[in-house]
Amino acid sequence: MARPKSENVIRKHFKLTEETARVLEERSKAENMNESEYIRYLLMNQPEHPRSRELELEMMRLRNEINKIGVNVNQIVKNNNSYLYKEEDKNQLKTYLEEIAVLQRTIVTKITTDD
């Protein structure tokens, strides 16, 4: 992974907390790279438009919520098959699911247009 020294002509100096410096040291050693090589590797191997940490957390929350909704839908289907629901209950459920689908499409559109 080492590059010819002649290519590395610009020096950057920056500050790290002790914790961040420790993490950098550990991760670079784990990859068998020195810290400079590791930083270059990270920079060159990430998407052109990296997602923000806040967006990643929101995506995880969304996945969890969708999973919970799926569990609830499965319970509703089970109860429906036991004939516990009225027709208006089923129509209300369908309306809620359509609203969820619209929200999902909105989020996907926002994510894909932000890239």
Side-chain angles (χ1 to χ4, degrees):
M1 175 80 191
R3 297 161 46 139
K5 290 194 183 250
S6 61
E7 288 185 28
N8 300 326
V9 295
I10 299 174
R11 241 178 232 270
K12 296 286 184 177
H13 301 278
F14 52 93
K15 295 180 180 182
L16 302 172
T17 63
E18 287 182 22
E19 175 67 15
T20 305
R22 183 189 60 74
V23 170
L24 175 60
E25 181 181 8
E26 287 175 1
R27 291 184 183 174
S28 62
K29 282 182 181 177
E31 295 294 328
N32 294 320
M33 298 178 188
N34 67 40
E35 293 174 358
S36 294
E37 288 173 329
Y38 184 68
I39 291 170
R40 283 192 295 273
Y41 170 79
L42 292 175
L43 288 171
M44 300 310 289
N45 290 293
Q46 70 175 348
E48 189 173 327
H49 301 288
R51 291 184 177 149
S52 71
R53 181 70 180 139
E54 182 179 322
L55 179 60
E56 290 293 329
L57 290 173
E58 193 59 35
M59 292 292 290
M60 287 179 6
R61 285 188 208 110
L62 177 62
R63 270 187 238 122
N64 288 337
E65 287 301 315
I66 291 171
N67 185 51
K68 290 177 186 176
I69 290 167
V71 169
N72 289 340
V73 168
N74 286 338
Q75 291 171 348
I76 290 168
V77 168
K78 179 181 176 187
N79 289 333
N80 180 58
N81 291 338
S82 301
Y83 304 102
L84 296 176
Y85 290 111
K86 300 179 210 166
E87 195 61 35
E88 59 254 21
D89 293 333
K90 294 177 190 178
N91 291 334
Q92 186 65 46
L93 175 61
K94 184 177 179 184
T95 302
Y96 289 147
L97 289 174
E98 289 169 355
E99 289 175 18
I100 291 168
V102 168
L103 289 172
Q104 284 179 306
R105 283 192 291 276
T106 302
I107 290 170
V108 168
T109 301
K110 173 130 178 70
I111 291 168
T112 56
T113 56
D114 285 348
D115 288 348

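Hydrogens, waters and symmetry mates are skipped; everything else that's a heavy atom, side chains included, is used.
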Exercise. Is the number of heavy atoms from other residues, nucleotides or ligands within 6.0 Å of CD (E26) greater than 12?
Worked result: yes

For the atom pair [atom1] ([X]) and [atom2] ([Y]), what is the distance rounded to the nearest 0.5 Å?
{"X": "R63", "Y": "K68", "atom1": "CZ", "atom2": "NZ", "value": "14.0 Å"}
{"X": "R40", "Y": "L42", "atom1": "CZ", "atom2": "CG", "value": "11.5 Å"}
{"X": "F14", "Y": "I39", "atom1": "CZ", "atom2": "CD1", "value": "4.0 Å"}
{"X": "M59", "Y": "I66", "atom1": "CE", "atom2": "CD1", "value": "8.0 Å"}
{"X": "I100", "Y": "R105", "atom1": "CD1", "atom2": "CZ", "value": "11.5 Å"}
{"X": "S36", "Y": "K12", "atom1": "OG", "atom2": "NZ", "value": "13.5 Å"}

Exercise. R61 and E58: salt bridge (Lys or Arg N to Asp or Glu O under 4.0 Å), yes or no, with the steps?
Worked result: CA-CA 5 Å; R61 285 188 208 110; E58 193 59 35; 2.7 Å; yes

Problem set entry | Salt bridge present between R22 and E25 (N-O < 4.0 angstrom) |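 So R22 does not pair with E25 through a salt bridge.
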
For this session: Give a yes or no on whether the backbone of K86 and the side-chain of D89 come within a donor-acceptor separation of less than 3.5 Å.
Result: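 Flag set: sc D89 to bb K86 pair under 3.5 Å.
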
State yes or no: do [X] and [Y] share one hydrophobic cluster built from I, L, V, M, F, W and Y residues joined by side-chain heavy-atom distances below 4.5 Å, directly or via other members?
{"X": "M60", "Y": "L62", "value": "no"}
{"X": "L103", "Y": "I69", "value": "no"}
{"X": "V71", "Y": "L93", "value": "no"}
{"X": "L16", "Y": "Y38", "value": "yes"}
{"X": "Y96", "Y": "V73", "value": "no"}

